[in-house]
Visitor: 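Encoded as structure tokens, here's the structure I'll be asking about.
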Amino acid sequence: FLWTKALSDGNDHIFKVVGPISSLSITHLHLGHVDGIGQFGKEVMGSPPKSIKLIASKTVIEDLRQKSYLTPFVTDEISNGSKVAIGKGVSLEFIRVPHRDEEGSDMHAIIIDGETRRILFLPDHDTYQQTLEFHKTSSLREWFKKLSIDVVLLDGTFYTFDEVVGTRSDYSGIPHP
């Protein structure tokens, strides 16, 4: 299995092979974030045992261990504030954020710290207010400034509520701002 990189050429997107996957980060245990983990096994991608670094919290690693999904991975356990180097001049910093906890999973946003920029990847969280209170800030701009963030990639679960499958009339139970 090879990793691809999207390159933009005007409005056309080209995917270029840049090499094998060497590491994988999982932010939390919700289905949309872990449902492809089994694809790394011998049945699909045939990843050799212990060939990919899996960066995740203790909770995530233990859940995947119980499901026997860790064969292709060497685990690197993180917690709030952990920093992990993943390549020349690039590291990941894990930041705890509040998000629903049905599976007992903790949730971490990731700061991708490069040579010239810091990118905050916030794949899920419950509400902006809860996240700001958790980090003792009063506005998103204040929080981003406190973290020295240059670029923010926010939860993009739904473009509109029309994308939510079913006949829900109350969307308050879907904690994705």
Side-chain angles (χ1 to χ4, degrees), residues 1-9 13-99 101 103-125 131 134-135 140 143-157 176:
F1 181 75
L2 298 175
W3 180 249
T4 59
K5 179 180 179 183
L7 304 173
S8 180
D9 181 21
H13 292 303
I14 304 165
F15 290 91
K16 177 182 174 187
V17 173
V18 293
I21 293 176
S22 59
S23 66
L24 176 70
S25 301
I26 298 180
T27 58
H28 64 297
L29 284 171
H30 290 159
L31 182 62
H33 300 267
V34 296
D35 61 348
I37 196 80
Q39 302 300 311
F40 288 93
K42 64 182 177 182
E43 297 85 354
V44 180
M45 292 182 203
S47 302
K50 307 292 182 198
S51 62
I52 302 168
K53 182 194 297 190
L54 175 67
I55 307 165
S57 72
K58 180 179 181 176
T59 306
V60 170
I61 291 169
E62 286 305 314
D63 183 80
L64 296 176
R65 180 173 284 115
Q66 288 175 8
K67 294 174 181 167
S68 299
Y69 286 148
L70 291 182
T71 301
F73 302 104
V74 173
T75 60
D76 192 346
E77 186 180 306
I78 58 93
S79 59
N80 187 45
S82 291
K83 294 181 183 180
V84 178
I86 61 166
K88 183 180 176 190
V90 180
S91 64
L92 304 178
E93 180 178 349
F94 293 82
I95 307 295
R96 184 89 163 88
V97 292
H99 188 47
D101 197 19
E103 291 85 13
S105 175
D106 45 3
M107 164 65 202
H108 291 86
I110 301 173
I111 295 174
I112 305 161
D113 201 357
E115 293 177 358
T116 61
R117 299 253 192 252
R118 283 175 58 90
I119 300 169
L120 174 65
F121 174 55
L122 181 58
D124 282 349
H125 67 137
T131 298
F134 187 84
H135 288 280
L140 289 172
W143 186 42
F144 300 153
K145 186 175 180 178
K146 180 179 171 182
L147 296 173
S148 300
I149 298 300
D150 300 301
V151 177
V152 178
L153 304 174
L154 287 176
D155 175 0
T157 306
H176 292 271

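Just so you know, residue 1 is the first one in the sequence shown, and it goes up from there.
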Visitor: Taking the side chain as every heavy atom from C-beta outward, state whether I26 and I61 have any atom pair closer than 4.5 Å.
Guide: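 A side-chain contact under 4.5 Å is absent here.
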Visitor: Only distances under 3.5 Å count here; give the side-chain donor-acceptor pairs of residues 69-94 to other protein atoms, sequence neighbours excluded, each with its distance to 0.1 Å.
Guide:
unit_1 : atom_1 : unit_2 : atom_2 : d
N80    : OD1    : R96    : N      : 2.8
S82    : OG     : S79    : N      : 2.8
S82    : OG     : S79    : O      : 3.0

Visitor: Show me the side-chain donor-acceptor pairs of residues 114-122 shorter than 3.5 Å, one per line, residues at least two apart or across chains.
Guide:
unit_1 : atom_1 : unit_2 : atom_2 : d
R118   : NE     : L147   : O      : 3.0
R118   : NE     : S148   : O      : 3.3
R118   : NH1    : D113   : OD2    : 3.0
R118   : NH2    : L147   : O      : 2.9

Visitor: Just to verify, what does K67 make a side chain to side chain donor-acceptor pair (under 3.5 Å) with, not counting sequence neighbours?
Guide: D63
Visitor: Roughly how far apart are I110 CD1 and H108 NE2, rounded to 0.5 Å?
Guide: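 One gets 9.5 Å once the value is rounded to the nearest 0.5 Å.
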Visitor: Look up atom CD1 in I37 and atom CG in L64, then write down how far apart they are to the nearest 0.5 Å.
Guide: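 It comes to 5.5 Å.
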Visitor: Do V97 and F134 have side-chain heavy atoms sitting under 4.5 Å apart?
Guide: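 No - every pair of side-chain heavy atoms lies 4.5 Å or more apart.
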Visitor: Say whether, by atom type as modelled, one donor and one acceptor occur between the side chain of K146 and the main chain of H135 under 3.5 angstrom.
Guide: yes
Visitor: Using the test salt bridge (Lys or Arg N to Asp or Glu O under 4.0 Å), find all partners of K58 that sit at least two apart in sequence or belong to another chain.
Guide: none
Visitor: If you round to the nearest 0.5 Å, how far is OG of S22 from CD1 of I52?
Guide: 8.5 Å
Visitor: Can you tell me how far apart CG (L140) and CH2 (W143) are? Round to the nearest 0.5 Å.
Guide: 7.5 Å
Visitor: May I have all residue pairs that pass ring pair (Phe, Tyr, Trp, His ring centres under 6.0 Å) and include part of residues 44-64, sequence neighbours excluded?
Guide: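 For residues 44-64, and leaving out neighbouring residues, there are no ring pair (Phe, Tyr, Trp, His ring centres under 6.0 Å) pairs at all.
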